[in-house]
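Nothing fancy with the numbering, it's 1 onward along the sequence.
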Amino acid sequence: MARPIVLLKLGGSLITDKTRPGVARHPAIRRLARELAAAGADPRGPRLLVGHGSGSFGHAAASVGGLRPGADARRRLDAISHTQHRAAELHRLVVAALVDAGARPFSFAPSSFLCAAGGRFRARFFEPIFEALDRGLLPVVYGDVVLDRTRGAVVVSTEELFLLLATEAARRKRLVARAGWLGETDGVHDGNGRTIARLTASAALRTSRRVSGSSGVDVTGGMALRLRAAGTLAQAGIVSMIVDGRKAGAIAAAVAGSASRGTRVGAR
């Protein structure tokens, strides 16, 4: 029987300084890579599927190039190419750290396995990702720019990728045990700055309409998008934990489903 899958996202604000274009947080990336390698080393544990945001690399390039939601990018060829390059540049830093940590990463660029039309992902090829999982490799995806038959290109977030992959896993009768979202806050905060410990799927979707987006440039929605994704996963029976990835041990706790702090998003 195939081992369950845990989805883990390293937020762009965690691995880059989103207020400064092209500035990576190298010590944080190296520490997270070591924690991922340790979490994936248990032969009886779940399979990990990691995604990371584009932070101040891809988001900054997309914003400058006008690649915002709903934009017609058919004439923005320079922006499409540059945004893909910058997103991949950060991805290479993350993968290199994972290799150095012994995590056995296997890289997947969304621009190579997705194609969109009118902002919706119509063509998908996920076979290599599930093959990598079954071979004991660590698949790593990331926020990227994807070609669109009618708009030229669209930016795809890791949140959207996880929703697509969770749907594909269900189609393949593969269990996604949980999702962990690692950022630079200890979960979702209420109006007084206190962490909301638990949200139902419906509450997460309602809250997503009220929270602020991101601490820096972000063309996909930041925390609001994360809450919508977590709420949608919860509707499918997949629990999410939104936790502070700056704290050592956050990855192990998210994988085990034992995080003591942060926001839990479940069906109820």
Side-chain angles (χ1 to χ4, degrees), residues 1-12 14-15 29-30 32-55 57-58 84 87-115 121 123-146 156-182 226 229-230 233 236 238 240-241 245 250-252 254-257:
M1 183 176 179
R3 284 154 59 182
I5 299 166
V6 172
L7 306 173
L8 291 170
K9 181 190 176 181
L10 311 180
L14 181 62
I15 60 175
I29 293 171
R30 289 192 293 268
L32 292 163
R34 291 193 297 270
E35 293 191 20
L36 283 167
D42 183 355
R44 296 169 297 179
R47 299 289 193 192
L48 307 185
L49 199 165
V50 173
H52 66 82
S54 282
F57 285 69
Q84 187 201 40
E89 187 176 7
L90 177 61
H91 182 62
R92 286 191 288 271
L93 294 176
V94 173
V95 170
L98 288 166
V99 169
D100 289 344
R104 297 179 298 191
F106 200 86
S107 171
F108 291 97
S111 48
S112 68
F113 64 77
L114 293 174
C115 192
F121 301 105
R124 312 164 186 180
F125 183 55
F126 294 131
E127 187 66 30
I129 295 177
F130 287 89
E131 184 68 20
L133 278 170
D134 290 340
R135 289 185 178 274
L137 294 166
L138 176 67
V140 187
V141 299
Y142 60 101
D144 197 5
V145 60
V146 171
V156 58
S157 66
T158 311
E159 284 80 0
E160 292 171 295
L161 292 171
F162 278 6
L163 292 178
L164 293 170
L165 287 162
T167 299
E168 178 64 14
R171 188 187 72 80
R172 293 168 176 261
K173 298 186 174 11
R174 299 290 297 271
L175 173 66
V176 176
R178 64 191 62 88
W181 310 89
L182 291 91
R226 189 166 304 169
L233 289 174
I238 301 169
S240 286
M241 282 299 302
I251 286 176
V255 170

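Listed by chain and residue number, C115, R149 satisfy the side chain to side chain contact (heavy atoms under 4.5 Å, CB included) test with A123 (two or more places apart in sequence, or in another chain). Remark: F126 pairs with F113 by the ring pair (Phe, Tyr, Trp, His ring centres under 6.0 Å) rule, at least two apart or across chains. Evaluation of the ring pair (Phe, Tyr, Trp, His ring centres under 6.0 Å) rule for F121 yields no partner, not counting sequence neighbours. Under the side chain to side chain contact (heavy atoms under 4.5 Å, CB included) criterion, I238 pairs with A166, V176, L233, not counting sequence neighbours. Residues meeting the salt bridge (charged side-chain N to carboxylate O under 4.0 Å, His left out) test with D134, sequence neighbours left out: R174. A109 pairs by the side chain to side chain contact (heavy atoms under 4.5 Å, CB included) definition with S111, S112, Y142, D144, not counting sequence neighbours. Remark: E168 engages R171, R172 in a salt bridge (charged side-chain N to carboxylate O under 4.0 Å, His left out) (not counting sequence neighbours).
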- Item | Check against side chain to side chain contact (heavy atoms under 4.5 Å, CB included), L165 and I5 | CA-CA 11 Å; L165 287 162; I5 299 166; over 6 Å; no

- Message: The test is side chain to side chain contact (heavy atoms under 4.5 Å, CB included); show your working for F108 and L49 and say whether it passes.
- Response: CA-CA 11 Å; F108 291 97; L49 199 165; over 6 Å; no

- Message: As a quick check of understanding, evaluate side chain to side chain contact (heavy atoms under 4.5 Å, CB included) for R178 and M241, giving each step before the final call.
- Response: CA-CA 8 Å; R178 64 191 62 88; M241 282 299 302; over 6 Å; no

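Atom NZ in K9 sits 6.5 Å away from atom OG in S157 (nearest 0.5 Å). Within the model, atoms CG of L161 and CG of L114 stand 6.5 Å from one another, a figure rounded to the nearest 0.5 Å. Atom CZ of F57 sits about 8.5 Å away from atom CD1 of I15, to the nearest 0.5 Å. To the nearest 0.5 Å, atom CG of residue L8 and atom CG of residue L32 are 10.5 Å apart.
For R47 (side chain) and A132 (main-chain N/O), no donor-acceptor pair under 3.5 Å exists by modelled atom type. A side-chain donor-acceptor contact under 3.5 Å links S54 to the backbone of G143. Between the side chain of R3 and the main chain of G45, a donor-acceptor pair closer than 3.5 Å is present. Although no hydrogens or angles enter the test, the distance criterion places a donor-acceptor pair under 3.5 Å between the side chain of T158 and the main chain of H52.
The salt bridge (Lys or Arg N to Asp or Glu O under 4.0 Å) analysis of residues 88-114, with sequence neighbours excluded, yields the pairs R86-E89. Residue pairs that meet the side chain to side chain donor-acceptor pair (under 3.5 Å) test with at least one member in residues 34-46, sequence neighbours left out, are R31-E35. For residues 159-180, the ring pair (Phe, Tyr, Trp, His ring centres under 6.0 Å) pairs, not counting sequence neighbours, are F162-W181.
L90 and G53 make their closest contact through CD2-O, 3.5 Å (heavy atoms, listed as atom of the first residue, atom of the second, distance). In terms of heavy atoms, A97 sits closest to I29 at CB-CG2, 3.6 Å. Across all non-hydrogen atoms, the minimal contact from V95 to S107 is CG2-CB, 4.3 Å. Shortest non-hydrogen contact noted between V99 and P105 is CG2-CG, 3.5 Å. Taking both residues in full, the closest heavy atoms of A37 and A101 are given as CB-O, 3.3 Å, listed atom of the first, atom of the second, then distance.
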